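These notes are about the structure you will find just below.
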Amino acid sequence: MPLKGLNVLEFSGLAPVPFVGTILSDFGANVTVIQKRNAILQFTNFLNNGKKSICVNLKQPEGVEIIHRLITDFDIILEPYRPGIMEKLGLGPNLMMSKNPRLIYARLNGYGSYGQYAQRAGHDINYLAMSGLLSLYGSKNKPVPPVNFSEFAGGSMVCVMGILMAVIERYKSGKGQIVDTNITEGISYVGSWLLSSQDSMIWKKPKGQNLLDGGMHFYDTYETKDGKWMAVGAIEPEFYEVFIKELGLNIDDIEQLDNFENNRKIIANKFKEKTREEWCNIFDLKDACVTPVLELDEVDQHPHNASRNSFMRKDNVVLPVPAPKLSATPGVSSFSKPIPTCGQNTKEILESIGYTQMEISKLFQNKTVFEELKSQL
């Protein structure tokens, strides 16, 4: 696996940072999570598959000392807190990197390490709003956010990209660096094409009247006879011509660049004449950019996805396999591995960095560390 041999220390937090750890783990990295007692985040615990867990009280000097001793064996730190928290704990990047010059210190937060909003709480909808991209989503009447788009695309994935670039650079210089990621800037960068194309024909009209935001009848979703949906993206004229023909309509009567709302009604009525399966039987054989809108519990059963083994099932939940697929060193989904209980590996990890049995017993007694708390999931 491509990241085999990389040791990652992840401080538990909200979902974007645990997902960074999951991606690195899927492609071979060894990930250890620093967890807090009675602070198991049930929203993120399911992202701990395949990781090791040590439960440490960082409010005690002995707990901070454990991290100082751990850090010499790790390549990457994943830090999810607001700016200044790690510095106050004595675990900031300057100190940690002085102990381990090869350390890659990855920080991921909402608004960045400085600025007016740096210390403010936020969620996906807030970061997307601050990036300007939320103004493009939703109906004509109001912005509506896509589900967790910014935190994982602009946060987790951009952070992973930064970490891997730092790993590559380290081969040249022998030194680590800080990967300073924030979700607001990350999702803005992911949306570069949207921002740079705002003066083109794609976004010139008010929201809901443009090429890619539901304004056109040939780029929309349509309900079928059985209450399911088909997605249409027949932008190019050659695809549009096939689309109209396979609907059983006359291209001369439903021109592509005119009468958008009237054409939408005609197409909507046509789609309701057949079930989704019947329409798939027609369009699966044609190049018209028409596909079924699959529900989450059926995506693995679609012939295309099934042929590529794009999904797996765990406890009857459909989950994606790691992407992209590497020909020589493919990833292996962490979801196939168990979730550790909080602190399950505490003793093992302390032993690995030289703590004696007497020292470990004392750390448990003074409640610096904990082990094998039951999951609150």
Side-chain angles (χ1 to χ4, degrees), residues 3 8 10 13-27 29 31 41 43-44 46-49 76 78-82 104 106-113 115 117 120-138 143-167 179-198 202-203 207 210 212-214 219 221 231 233 291 293-294 296 299 305 310-311 318-326 331 333-335:
L3 304 184
V8 180
E10 172 193 317
L14 293 176
V17 163
F19 187 50
V20 172
T22 293
I23 296 170
L24 298 176
S25 176
D26 284 348
F27 288 92
V31 182
L41 301 172
F43 294 112
T44 60
F46 56 82
L47 290 172
N48 284 341
N49 300 73
I76 300 162
L78 306 180
E79 187 253 290
Y81 307 126
R82 297 192 205 187
I104 294 167
R107 323 192 83 160
L108 174 55
N109 53 46
Y111 298 113
S113 24
Y117 281 13
R120 290 183 61 172
H123 286 292
D124 194 88
I125 190 171
N126 307 114
Y127 311 135
L128 200 59
M130 287 294 291
S131 75
L133 295 176
L134 182 56
S135 66
L136 299 177
Y137 297 105
V144 178
V147 179
N148 276 114
F149 175 53
S150 65
E151 290 187 338
F152 294 101
S156 306
M157 298 303 291
V158 169
C159 188
V160 168
M161 178 180 70
I163 289 169
L164 297 182
M165 287 191 288
V167 169
V179 178
D180 193 359
T181 313
N182 76 78
I183 299 167
T184 303
E185 290 177 353
I187 196 58
S188 299
Y189 191 44
V190 171
S192 294
W193 179 79
L194 298 177
L195 294 168
S196 63
S197 64
Q198 59 188 307
I202 299 172
W203 302 111
K207 186 170 62 178
N210 296 286
L212 302 179
D213 64 358
Y219 199 88
T221 56
T291 52
V293 177
L294 300 175
L296 292 179
V299 292
N305 294 335
S310 300
F311 296 88
V318 181
L319 299 165
V321 301
K325 288 181 167 65
L326 304 182
S333 177
S334 299
F335 290 121

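On a predicted model such as this, the values are computed, not experimentally measured, just so you know.
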How many angstroms lie between atom CZ of Phe152 and atom CD1 of Ile183, to the nearest 0.5 angstrom?
8.5 Å
Without swapping roles, check the side chain of Asp26 against the backbone of Ser334 for a donor-acceptor pair under 3.5 Å.
yes
Any chance you could measure Cys159, atom SG, to Asp180, atom CG, to the nearest 0.5 Å?
9.5 Å
Does the side chain of Asn305 reach to within under 4.5 Å of the side chain of Leu294, using non-hydrogen atoms?
yes
OH (Tyr81) and CG (Leu108) are apart, to the nearest 0.5 Å, by 12.5 Å
Apply the test side-chain contact (heavy atoms from CB on, under 4.5 Å) to residues Leu212 and Leu194: give CA-CA distance (whole Å), side-chain angles for both, the deciding distance (0.1 Å), then the verdict.
CA-CA 10 Å; Leu212 302 179; Leu194 298 177; 5.7 Å; no
If every non-hydrogen atom of Leu134 is compared with every non-hydrogen atom of Val144, which pair is closest and at what distance?
CD1-C, 3.9 Å
Value rounded to 0.5 Å, distance of CG in Asn182 from CD1 in Ile187:
11.5 Å
Okay, side chain of Thr184, backbone of Ser131: is any donor-acceptor separation there less than 3.5 Å?
no
Here the pair of heavy atoms bringing Gly112 nearest to Asn109 is N-OD1, 2.9 Å
Any donor-acceptor N/O pair, Tyr127 side chain to Gly122 backbone, under 3.5 Å:
yes
Non-hydrogen side-chain atoms of Glu10 and Pro18 separated by less than 4.5 Å:
yes
Start with the C-alpha gap between Asp213 and Leu136, add the side-chain angles, then the distance that decides, and say whether side-chain contact (heavy atoms from CB on, under 4.5 Å) holds.
CA-CA 8 Å; Asp213 64 358; Leu136 299 177; over 6 Å; no
Please check this pair: side chain of Ser156 against backbone of Pro16, looking for a donor-acceptor N/O pair closer than 3.5 Å.
yes
Test item: Ser25 side-chain N/O and Gly21 main-chain N/O as donor-acceptor pair under 3.5 Å
no
How close do Ile23 and Met157 get, counting heavy atoms only, and between which atoms?
CD1-SD, 3.4 Å
Within-4.5 Å side-chain heavy-atom neighbours: Pro322 and Ser333:
yes
Between Met130 and Tyr111 the two heavy atoms that sit nearest each other are CG-CE2, 3.9 Å
Candidate pair Leu14 and His123, rule side-chain contact (heavy atoms from CB on, under 4.5 Å), full reasoning
CA-CA 10 Å; Leu14 293 176; His123 286 292; 4.2 Å; yes
Pro320 versus Phe335, closest heavy-atom pair with distance
O-CD1, 4.5 Å
Atom pair CG/CG of Asn148 and Asp124 - distance to nearest 0.5 Å
4.5 Å
Ignoring hydrogens, what is the shortest heavy-atom contact between Leu47 and Thr22? Give both atom names and the distance.
O-OG1, 2.8 Å
Atom CD1 of Ile125 and atom CD of Glu151: how far apart are they, to the nearest 0.5 Å?
11.0 Å
Check against side-chain contact (heavy atoms from CB on, under 4.5 Å), Leu326 and Phe27
CA-CA 10 Å; Leu326 304 182; Phe27 288 92; 4.2 Å; yes
